[in-house]
Amino acid sequence: MKFLRRDLEAPGPRALPEMLLETLDLLDGDSMILAPGEIPLFITAGVETLGILKDGRIQSSELLATVRVVRRTHSQQVGTIEIPRGPIGEGKHELTVKVLPLTRDDLVLVLISDESEAQRVHDVRRDFVANISHELKTPIGALSLLSEAVLGSKDDPASVVKFATRMQSEAKRLTDLVQEIINLSRVQDSDPLQLAQGVSIAYVIREAIDQCQISAESRNITVSYLEKSDAVVLGDRDQLIMALHNLIENAINYSPENTKVSVTTASESGIIDISVTDQGIGISESEQDRIFERFYRVDPARSRQTGGTGLGLSIVKHVAAKHGGEVKVWSVENVGSTFSIRLPIYESPMESVQ
Ligand code: ADP
């Protein structure tokens, strides 16, 4: 069963009817039952993972205020609350709560659903589809023109080879773009903090560096990670590897050959900071906010040359926010850039680390 039952020793209420608890457990959303003093007697698993309850206390002052209104008026209230996804960053859970008075023992029932989040995802997706169709038109248009060129030069083998080679690279671009679109929409749809597991940061870094080895070697760039962090974060291992991979791949792509990329970690006040530093072309201050937007590139021609899709950093931003963290950039043109993913450290038994 997904629900956790709090002990029923709190003063006042008798044991809660089993059938009520089973019914709440069957509902789609999360729920909790509060005794006077806002003592939780019953919560579903999501209540703690969403961060509504911590150490037995309700974290949202909006929710507490709504519960107080219900106790005073004995009538149900509906509202929306925002819960930060972590101690840093702008990621938030936007939740709809329905608070109802129960007839027994001054108990209050709170029903929680993620409807506002669903609406937001819907809006984001609508804009995204408009952008995608625009981005897809370029390689599809190129393929169509190139195929005509191949047909038109069938008696000239050298031209056929030239056009077919360009068709190959446009097709690869299309495949990469579609893959990144799938990655981004997966990240946007999922909630890595539900059903999350402990993930070793050292493992994430090693995997991400491994995945970038071929492009690093082709440009004679060394990627180093000299420390060995023992930090663990709560979340989705594959998403975290993908985010760091994107940062390292960018560091390689936007740097001259024979330079160095270094990955470093530092932890402070419960936050792990994973930084990727390059000696590359850098980004002007005015562009530093915009680069996290979908499909934004400082230099579209260079991004195109390196096979960029314009989606890498927006994936990184979403992964960090969904994990209750954030991404930061420091950069000076022609000197280099440092991108940092900052995530809350998970302090817990090591057995669950994957
Ligand atoms: P792309 O697929 O074009 O690399 P990203 O979303 O990963 O898309 O990055 C957006 C833009 O930010 C890039 O086109 C590039 O202009 C800039 N950028 C990203 N990382 C770096 C970096 N390490 N150094 C310089 N510029 C960068």
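Indexing begins at 1, ligand by ligand and atom by atom, following the structure's order.
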Write out the protein residues near ligand 1, meaning a non-hydrogen atom under 4.0 Å from one of its atoms, in order of chain and number. Asn250, Ala251, Tyr254, Asp278, Ile281, Gly282, Ile283, Ile291, Tyr296, Arg297, Val298, Ser303, Gly308, Thr309, Gly310, Leu311, Gly312, Leu313, Ser337, Phe339
Where is the tightest heavy-atom contact between Gly198 and Leu234, given as atom of each residue plus distance? N-CD1, 4.0 Å
Co-members of the apolar cluster containing Leu151 [side chain, <4.5 Å]: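 Traced through the cluster, Leu151 reaches no other member.
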Hydrophobic cluster partners of Tyr254 (side-chain heavy atoms under 4.5 Å):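 Ile281, all in the cluster of Tyr254.
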Arg85-His323 side chain donor-acceptor pair, cut-off 3.5 Å: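 Checked: Arg85/His323 side chains show no N/O donor-acceptor pair below 3.5 Å.
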The test is side-chain contact (heavy atoms from CB on, under 4.5 Å); show your working for Glu90 and Glu326 and say whether it passes. CA-CA 7 Å; Glu90 290 170 10; Glu326 61 186 350; over 6 Å; no
Is there any side chain to side chain donor-acceptor pair (under 3.5 Å) pair reaching into residues 134-152, and which pairs are they, with sequence neighbours excluded? Glu135-Arg297
